[in-house]
Structure formats: C-alpha cells, structure tokens
Amino acid sequence: MSTVEQASGQTGTYSSFVSAGMMWFLVAIVGAAVFFADGLDALLIAWQRPEYSHGPLIPVLSGLLFLRQLKEVPIDPGPKKDRWLGITVILGAIAFGTLGKMANIADIVAYATIIWVYGILLVSFGWRTGWVFWPPVLHLVYMLPLPDTFYYKMSTWLQFVSSELGVWFLKLLSIPVFLEGNIIDLGITKLHVAEACSGLRYLFPILSFSYIFAVLYRGPTWHKAVLLISAAPITVVMNSVRIAVAGIIVQYYGLDWLDGFTHFFEGWVIFVSCIIILFALARIMLMLQPEKMSLAEALDLDTDGLGAQAARLRFIRPSAAMITAALLMVGASIAWQAKPERAEASSITRESFAVFPRNVDGWAQQGAPRVLEPDVAGALQADDYLSVNFRHPDHEAWVEFFAAWYADQSKGGVHSPEICLPGSGWEIAWLERSDMTQVFAADGAFEMNRAIIQRGKTRMMVHYWFQQGERRLAWDLEAKFWLMIDAVATGRSDGAMVRLTTPIMPSETDEEASERLIDATRAILEPLPRFLPAR
C-alpha cells in the first residue's frame, strides 16, 4: 500500500485538519500573489520577449520536479518543531520584495517571490524534510529576466564571441570575410550580428533543459556537473555555426533568403542540435563508465503517481507556522496597500536639451544637433538627448558632446558605451576608470571612464560618466546601486549618461586629445546642471 493510500485510510484522524490546513495554505498563496503582484506582472511582460518566451514553462516543469521528489517523502502531517525556519525565509522574502516595491524595480519583487516559494515549502514540510526540495525551487530562476545591465553585457559579449567564431568558420570554408565589431563584412554585403542573434534566446531554455536533464540523470555527480557546464559553450558554438551558415547563404544566395521562415527554421534547427549534442555527451560519458548503463536507464523518466502526490495537499496541517505564514502575507499586502503615500519628491525641474547653449566658454556648436536613427533612438529609449559637435579656435579638432537623460530608470535606463560602441564596429583599445576630482575640483567628487577606441586607422578619445543625482560615477553597476538607494529614499529614479568624444589627430599625442576633452568637459559642466538636475 502506498503512503498516499495509507494516509487516505487515516482521514478520520486528520479530518479536523483537512479543510483548515488547506484554507490557511490558500490564504498564504493569495496574500503572496497580492503582495508580489508587481513581480508577477514583470514576469508576464518579460515572457513576451523572444529570449524569455520559455518562461511560462518553467513553473510547470518545476512543479513536475517537485512532485517527482515528493514521491520519495513519506506522509507525515504531524507536529514538527522545525517549521519556523520557513517563517524566517518568508520574512526575508517580504523584506526583499518590499525593497523592490519601494525602489519601483519589479524584477527584485519577482526574485523575492522565489524566496517565498522555498519558505512556504519549509513551513509545510519542516526544515529536515523541506530543504531537499531546493532543486525545483532553484529551477524557477530560469523564468526570471536578467537585470538589464547584465542582459546587455551578456548579449554584447555573446555577439562578439559568436561573430568571432562565425567568421573563423567562414574562413575555414575559404569565404573572404572581415569582422568589424559584430559586423561581418562579406564584401558584397555586410551582415550585422544583432542582439537577436546573440544566442540568448537559445541559451536560457537550453540552460533550463540541461538543469532538468542533470536532475533526472542518475549517473555520477561529475556527469551532472559536465552536463550543466557544457550547455553554455555548446549553445555559443552552435550559434556561431548558425551565423556562419547565414554568411554562406548571404554569400551564395543573397540576403533575402535570411528573411521569414528560413531564418526561423534555422534557429529551431540550432536549438534541437544543442539538445542532441547534450544527449550525445551524456551517452559518451556513460560508455566510459566501468558499469555500463544505457541512456534510457540513466534518466529517471518515471511519471507514475504524480497525480496522487498532488492530492497530498489535503493533508496540509494547520500548524502555528502555517497560520503565521498566511497572516504575514495578508498583513504585508494590507500594510502595503494602506501605507500612507510617501511625500512626492520635488518635481524634476530641468530644461530641455533643445535649449542647450550654442556657445560655452569659447566652445561653439558646429552645425545643428544630430537626430538619431529611429532604431538607434528606440534602443536608447531616452526621454531627452543631445548629440552635437563643439569646436574651439584654440584646438585642432572638434569634440562631440552626447548626453541622454532618463526620467525613470526603473524599467531600463542608461546603456553603457562599453556596449554600444563595439556593437557599431568600434574596438576599445584602452579603457580606464579615473578619479577626476582633482581636475574638476570645483564640481565635487568626479569619476569618469577614459577610453581610446579605433576602427581601421581612425582612433578616437572618449570620456564618459553616469550621472546619478549629484554623483558622477564611472561604473554602470554602481550607478544602478545608487539608483535603487535614491528610489527608496526619495522616490526619484531619473539619471543620465554623458559622453565626450574627439578624434586623435595624426599630428598629436593621446594626452593632447585627452586635454582637449578635459577642456571641453570643464566648459560643458557649467550649464549642465540645468539639464541634469541633482536631487
């Protein structure tokens, strides 16, 4: 007789607990759904993006993994003294979620939801039993969107790696090709390895698949580790093959063949190929084992009795810890809804870049401000920006001044030039984060990035920083940290990025070009607070 059948014969013993236990469990779920609603909404929005379109499957797969593990856990709805550790985890989830709600960063709320899921499992089963369910809970991470800063950095890195490998494959086939950033020049046409071709739309679902594969795999632990670790490089290499195939098609058949169904089908072929390679890798490792085992034997694919395991919800005990968990979530939801409205931060008083001075300390605008291409402006997503050249009679070359301002960075925000410049074909030859406080002593603490970029024989000097309130920061992740702090403390989430660029002329040194940028920066800083207001 199974454990479920044994428990079913004890309904008289637990009849007083069945309805009450389920009621408090459902109350906890409803309270959590209300409190973490911002994070759940963020997930639904993120899942509409191609790279996260696998997201809705993740909770389903995690649920199946949980039910499979539950078969190995005997029914024991009696009193347990170790349920209260789960309350501690739930309190941590509430605190983390509150931080995200106060900072208006819904992704943080989504992350907190996973912490809550583990907490409610610990409350339901107690620590000694519940902790073993960490694999299905950890798998929920694969449904979460990456923070934008990490997403763009990873996407850009994958584009570069895929481009380099793709070009290497093309050269092996004796196809003449040249790479500038992530632009593959085939002579007759240029193939841009865009964000959509970075491989992220394959990487995330394949990582999820490899995780489940490793959990269900009954071979040695080191086999599981290899399967997990190999998923990412397999995806990157196969995506490079995909880009190489795209280059072959363009070279011999034309660019039109990449549109529509051909491009889509090519992507699915690569995805399935990655899965096949993972299976082949597992098979090879099993063949090398002293004790021979087939791949079918190594994978635990038994799905019998999952429905019976789900029916065990009726044995949830209305423990003091479960009642506390339910009341905590209901209380947190009510407290958030009933909280007094925080006094609004003083309205942002700033002038539009349209009225930026045409002359600043001897630097005069050269021509009209540039209007960005629609696709570039769409990727930038700035609320206001200015791109214009300035010239000074005492300097040999012009200086481009570019600034982008965001009224609300909680759902995106500044993109680092470290990402944008290489994507347009520029190579970063040198980059240094510098403390320029002594140089601009009158303007307070000042950090900036100083870089040299090059494309072919053209070399440019670049200075840029992130403006977060009164702070001038060189590191984008530090700017994101202060964004969260400022949003919690003042409700403000505006910010900006400022960049100055000048060509390094053949007749001058790098230091002379840098001095030109410093002189232009000193002039720009005087009117800049009107357009990038401090807190």
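Residue numbers start at 1 and run along the sequence shown. Remember, it's a predicted structure, so these values are computed and weren't measured experimentally. All heavy atoms count here, side chains included; hydrogens, waters and symmetry mates do not.
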Heavy-atom nearest pair, Leu70 first then Gln309, reads O-OE1, 3.5 Å

| field | Test: Lys101 cationic atom under 6.0 Å from Phe35 six-membered ring centre, within 45° of axis | value | yes

Practice task
Would you sort out whether Glu432 and Arg450 count as a salt bridge (charged side-chain N to carboxylate O under 4.0 Å, His left out), showing the intermediate values?
Solution key: CA-CA 5 Å; Glu432 179 182 78; Arg450 305 168 65 202; 3.8 Å; yes

Residue set satisfying ring-ring contact (aromatic ring centres under 6.0 Å, His included) with Tyr52, at least two apart, ordered chain then number -> Phe204

Minimal heavy-atom distance between Ser62 and Leu140, with the atoms involved, is OG-CD2, 3.5 Å

| task | Taking Gln69 for its side chain and Phe66 for its backbone only, find out whether a donor-acceptor pair lies under 3.5 Å. | result | no

Looking only at heavy atoms, the pair that brings Ala326 and Val27 closest together is CB-CG1, 3.8 Å

On a heavy-atom basis, the closest approach of Gly39 and Val109 is N-CG1, 3.5 Å

Six-ring centre of Trp405, Arg350 cation under 6.0 angstrom, axis tolerance 45° = yes

Q) Is any side-chain heavy atom of Leu286 closer than 4.5 Å to a side-chain heavy atom of Glu297? A) no

With Phe271 as partner, the option from Thr235, Ile206, Asn239 fulfilling side chain to side chain contact (heavy atoms under 4.5 Å, CB included) is Ile206

Okay, side chain of Glu164, backbone of Gly166: is any donor-acceptor separation there less than 3.5 Å? no

